[in-house]
Amino acid sequence: MKKNIMLITLITLILSMFFLSCGTQKDSTSTTKDTTTEAKAAKPSESPVELNISAAASLKESMADIQEEFKKIKPNVTLTVNFGASGSLQQQIEQGAPCDIFISAGQSQMKALNDKSLLLDNTVKDLVKNDLVLVGPKDTSIIGVSDLTTDKVKKIAVGEPKSVPAGKYADEVFTSIGIKDSITSKLVFAKDVKEVLVWSTSGNTEVGFVYKSDALSSPNAKIIETIASDKHSPITYPIGIIKGTKNPDAAKAFEDFLFTDTCKVIFEKYGYGIASK
């Protein structure tokens, strides 16, 4: 009897140790799973990327809105935008300035880069289009281009035709309507279209030629006349990705984003038309 009691006690002790061991192992497994889950949750997001964009000065206002929208879908990508005259930006890229994406206000600047094999294949596209307008201050008495040859106008602000596409378009207009020779002495050349806008709305010049998008962005500008599109070459803004980019995937993602409905609404808000595909 005594032996039976000792045997039962021994069996009970062994069983107790067995179940205790199983419980400890289960807790350990659970802890391991929890730790793994936490590790997955703590996994860092995509690596940060900086894209350098060289863009025509006239795009400044619209690009500010676009940057905000792009940040919502690509928070790891920082857009650093260098605004300037398209010709000057072209030269900077040719000289090796950091740039992933180029948006020009004229076709010739993009073509120059493409001819030098500085752009990725199949990335050059027409993004938006614009109108050329004659502007002056809000209280101007100038009624149109016909006044440019009169004594009402002593100075006309335009962009430098060789580097500022808006200046080239204005020069085409002067030639097209036959007034170039009679107004040459009145022309004052600016480094970019934004400078033209400042001069022609502050009294430094009576009038100036800028894009419609620029005029709409200024509370001080009055659009005197919108120039007929048949008086100059088409105003389209091409975009292209630079072949030397270190972030081709991010650059392509941003280029694609510019053609979405989100950006279409922004461009139209600032007076641009959408280029035909």
Would you check if there is a donor-acceptor pair between the side chains of Gln107 and Thr236 at a distance under 3.5 Å?
-> yes
By salt bridge (Lys or Arg N to Asp or Glu O under 4.0 Å) - contacts of Glu94 (at least two apart) | Lys116
So CZ of Phe83 and NZ of Lys194: to nearest 0.5 Å the spacing works out to 9.0 Å
Glu195 (side chain) donor-acceptor with Lys191 (main chain) under 3.5 angstrom | yes
Output the distance between atom CD1 (Ile241) and atom CD1 (Ile239), rounded to the nearest 0.5 Å.
-> 7.0 Å
Determine yes or no for a side-chain-to-main-chain donor-acceptor pair under 3.5 angstrom, with Asp100 supplying the side chain and Ile53 the backbone.
-> no
Distance-only, no hydrogens or angles: does the Ser217 side chain make a donor-acceptor pair with backbone N or O of Asp214 under 3.5 Å?
-> yes
How many angstroms lie between atom NZ of Lys152 and atom CG of Asp147, to the nearest 0.5 angstrom?
-> 4.0 Å
Side chain Lys129, main chain Pro234, donor-acceptor under 3.5 Å | no
Using side chain to side chain contact (heavy atoms under 4.5 Å, CB included) as the criterion, point out the one residue from Thr78, Val77, Ile66 that pairs with Lys71.
-> Thr78
Spacing of CD1 belonging to Ile235 relative to NZ belonging to Lys168, to within rounding of 0.5 Å = 8.5 Å
Can the ring centroids of Tyr211 and Tyr272 be said to lie less than 6.0 angstrom from one another?
-> no
Would Ser202 and Asn204 count as having a side-chain donor-acceptor pair, cut-off 3.5 Å?
-> yes
Within the side chain of Thr201, is there an N or O that forms a donor-acceptor pair under 3.5 Å with the backbone of Asn220?
-> no
Donor-acceptor pair between Asn82 and Gln92 side chains, under 3.5 angstrom | yes
Is there a path of hydrophobic side-chain contacts, each under 4.5 Å between heavy atoms of I, L, V, M, F, W or Y residues, that connects Phe102 with Phe267?
-> no
Residues Thr226 and Asp131: side-chain donor-acceptor under 3.5 angstrom | no
Taking Thr150 for its side chain and Ser146 for its backbone only, find out whether a donor-acceptor pair lies under 3.5 Å.
-> no
So does Lys180 pair up with Glu172, basic N to acidic O under 4.0 Å?
-> no
With a 4.0 Å cut-off, would you call Lys72 and Glu69 a salt bridge?
-> yes
Ile274 and Met110: same hydrophobic cluster, using ILVMFWY side-chain contacts below 4.5 Å?
-> no
Asp126 and Tyr237: side-chain donor and acceptor closer than 3.5 Å?
-> no
Exam field: side chain Glu225 to backbone Val145, donor-acceptor pair closer than 3.5 Å = yes
Between Phe209 and Phe174, is the ring centre distance below 6.0 Å?
-> yes
Measure the CD-NZ distance between Glu61 and Lys269 for me, rounded to the nearest 0.5 Å.
-> 10.5 Å
Would you say the side-chain atoms of Ser200 and Glu206 include a donor-acceptor pair closer than 3.5 Å?
-> no
